[in-house]
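Contents: one structure, followed by commentary.
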Amino acid sequence: MRVHVADHPLITHKLTVLRDKNTTSPSFRALTEELVTLLAYEATREVRVEPVEIETPVTKTVGIALSDPKPLIVPILRAGLGMLEGMVKLLPSAEVGFLGMVRDEETLQPTTYAERLPDDLAGRQCYVIDPMLATGGSLIAAIDFLLQRGADEVIAVCLLGAPEGLEAVKAATAGKNVTVVLGAVDEKLNEHGYIVPGLGDAGDRLYGLV
Ligand SMILES: O=P(O)(O)OC[C@H]1O[C@H](OP(=O)(O)OP(=O)(O)O)[C@H](O)[C@@H]1O
Ligand SMILES: O=c1cc[nH]c(=O)[nH]1
Ligand SMILES: [Mg+2]
């Protein structure tokens, strides 16, 4: 597994505002979208392309276009939905599939409560989006799901990760074509499985308590 931690002052600045407990839901949503755009720039560095011939007003030339099959973006509901708009803006021709997952706050085990994905993902590059990589359980389950459906490659885009979760994902995906791109790797997980210093519950901060 490849790991890329974005090291850019604009990303760190926006994350700082996101972490602040006084940041309201509307600002949190806007910042999440801005952050995704910056992270997606890094995450799509290896997006598959092919040459295309075009004609400029001056001459013929060869450029590039996204290859078929187009990439698949997979937000992990709920919190991953907050990253979808930003990702789709950068990859407008991508398709979108959905995975609904929730972590049991006692056992920290994820369960999948919804799935809407193409049956066959053979040859697809899949971009999983979820702001938080805590114990890694949800991301491991999502990656497993996509690889079992035949995905060629999985690129996960997360705003924050914990070192423990990153290690768990690394161990679970050894030898697989998986990349994780993050805005920051924080200090640790606390006894409730929350990222420290973190930003709290991303789903609640985006959409309110349920
Ligand atoms: O790495 P893990 O320990 O699995 O934790 C991370 C997961 O927890 C959060 O979702 P949550 O279960 O809170 O659901 P929500 O998005 O509906 O709030 C987050 O968005 C990840 O999906
Ligand atoms: O810190 C955390 C851990 C899991 N899920 C969140 O939303 N935040
Ligand atoms: Mg949540």
Side-chain angles (χ1 to χ4, degrees), residues 1 3 5 14-29 31-33 35-36 39-40 43 73-87 96-117 126-147 154-173 176 178-210:
M1 179 185 95
V3 178
V5 183
K14 288 179 196 295
L15 277 176
T16 304
V17 185
L18 216 56
R19 292 176 190 280
D20 188 333
K21 67 177 187 183
N22 295 314
T23 297
T24 60
S25 276
S27 305
F28 195 96
R29 286 197 287 269
L31 274 163
T32 299
E33 191 177 326
L35 272 162
V36 173
L39 289 174
I73 301 172
V74 183
I76 301 183
L77 313 184
R78 252 180 331 164
L81 267 188
M83 299 169 73
L84 183 58
E85 239 352 85
M87 198 71 193
V96 181
F98 296 89
L99 273 177
M101 289 188 171
V102 67
R103 186 177 83 150
D104 182 306
E105 292 301 332
E106 296 296 322
T107 64
L108 303 183
Q109 295 306 306
T111 44
T112 304
Y113 59 83
E115 174 262 303
R116 192 82 167 92
L117 293 168
C126 296
Y127 290 86
V128 176
I129 50 178
D130 190 335
M132 309 304 271
L133 194 176
T135 65
S138 305
L139 185 58
I140 290 169
I143 292 172
D144 219 45
F145 201 95
L146 297 170
L147 292 177
V154 179
I155 303 110
V157 187
C158 304
L159 302 185
L160 289 185
E164 298 92 326
L166 256 187
E167 280 310 311
V169 179
K170 218 179 262 179
T173 62
K176 311 261 170 65
V178 173
T179 304
V180 180
V181 176
L182 305 110
V185 178
D186 278 7
E187 196 187 317
K188 60 175 184 181
L189 290 177
N190 69 12
E191 64 277 24
H192 305 294
Y194 272 74
I195 299 175
V196 180
L199 50 75
D201 186 299
D204 291 353
R205 296 208 55 197
L206 281 161
Y207 302 117
L209 296 166
V210 286

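Order of listing sets the numbers, starting from 1, for every ligand and every atom in it. Numbering of residues begins at 1 and proceeds along the displayed sequence.
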Consider every N or O of Leu133 and every N or O of ligand 1, then say whether any pair is closer than 3.5 Å. no
If I apply the N/O under 3.5 Å rule, does Asp130 come out as touching ligand 1? yes
Counting heavy atoms only, which of Gly193, Ser138, Gly82 is nearest atom 7 (C) of ligand 1? Ser138
Name the option, out of Arg205, Met83, Arg103, that contains the heavy atom nearest to atom 5 (O) of ligand 1. Arg103
What are the two closest heavy atoms between Leu189 and Ala162, and how far apart are they? CD2-CB, 3.5 Å
Minimum heavy-atom separation for Val157 to Met87, with atom names? CG2-CE, 4.5 Å
In Å and rounded to the nearest 0.5 Å, what is the CD1 to OH distance from Ile155 to Tyr127? 4.0 Å
One pair to check against side-chain contact (heavy atoms from CB on, under 4.5 Å): Val102 and Thr111. What are the steps and the verdict? CA-CA 6 Å; Val102 67; Thr111 44; 3.7 Å; yes
If you count the atoms of ligand 1 from 1 in the order shown, which ones are under 4.0 Å from a heavy atom of [X]?
| X | answer |
| --- | --- |
| Gly203 | 18 (O) |
| Gly137 | 1 (O), 4 (O) |
| Met132 | 6 (C), 19 (C), 21 (C) |
| Ala79 | 16 (O), 20 (O) |
| Val102 | 12 (O) |

Per-atom contact, atom 9 (C) of ligand 1, protein heavy atoms, under 4.0 angstrom: no
Where do Leu39 and Val36 land on the side-chain contact (heavy atoms from CB on, under 4.5 Å) test, with the steps shown first? CA-CA 5 Å; Leu39 289 174; Val36 173; 5.7 Å; no
Using a 4.0 Å cut-off on heavy atoms, what residues surround ligand 2? Order them by chain and number. Arg103, Met132, Ala134, Gly193, Tyr194, Ile195, Gly200, Asp201, Ala202
Presence of N, O or S from Asp201 under 2.8 Å of the Mg ion (ligand 3): yes
Which atom pairs, one a donor and one an acceptor, fall under 3.5 Å between side chains of residues 180-188 and the rest of the protein, sequence neighbours left out?
unit_1: Asp186; atom_1: OD1; unit_2: Arg19; atom_2: NH1; d: 3.4
unit_1: Asp186; atom_1: OD1; unit_2: Arg19; atom_2: NH2; d: 2.8
unit_1: Asp186; atom_1: OD2; unit_2: Arg19; atom_2: NH1; d: 2.7
unit_1: Asp186; atom_1: OD2; unit_2: Gly198; atom_2: N; d: 2.9

Does any non-hydrogen side-chain atom of [Y] lie less than 4.5 Å from one of [X]?
| X | Y | value |
| --- | --- | --- |
| Ser25 | Tyr207 | no |
| Leu159 | Met83 | yes |
| Leu84 | Leu81 | yes |

Could you tell me whether the side chain of Arg103 and the main chain of Gly193 form a donor-acceptor pair under 3.5 Å? yes
Between Arg205 and Thr23 (side chain of the first, backbone of the second, donor and acceptor by atom type, cut-off under 3.5 Å), is there such a pair? yes
Do me a favour and list the nearest non-hydrogen protein atom to [atom] with residue, atom name and distance?
| atom | result |
| --- | --- |
| atom 18 (O) of ligand 1 | Arg78 NH2, 2.9 Å |
| atom 14 (O) of ligand 1 | Met101 O, 3.8 Å |
| atom 3 (O) of ligand 1 | Thr135 OG1, 2.5 Å |

Test Leu99 against every option in Leu117, Val128, Leu77 by the side chain to side chain contact (heavy atoms under 4.5 Å, CB included) rule and name the one that passes. Leu117
Is the number of heavy atoms from other residues, nucleotides or ligands within 6.0 Å of CD (Glu106) greater than 12? no
Does the residue Asp201 have a heavy-atom contact with ligand 1, meaning some pair of atoms that are separated by less than 4.0 Å? yes
Would you please determine whether Gly136 falls within less than 4.0 Å of ligand 1 on a heavy-atom basis? yes
Within 45 degrees of the axis of the six-membered ring of Tyr113 and under 6.0 Å from its centre: does Arg78 put its NZ or CZ there? no
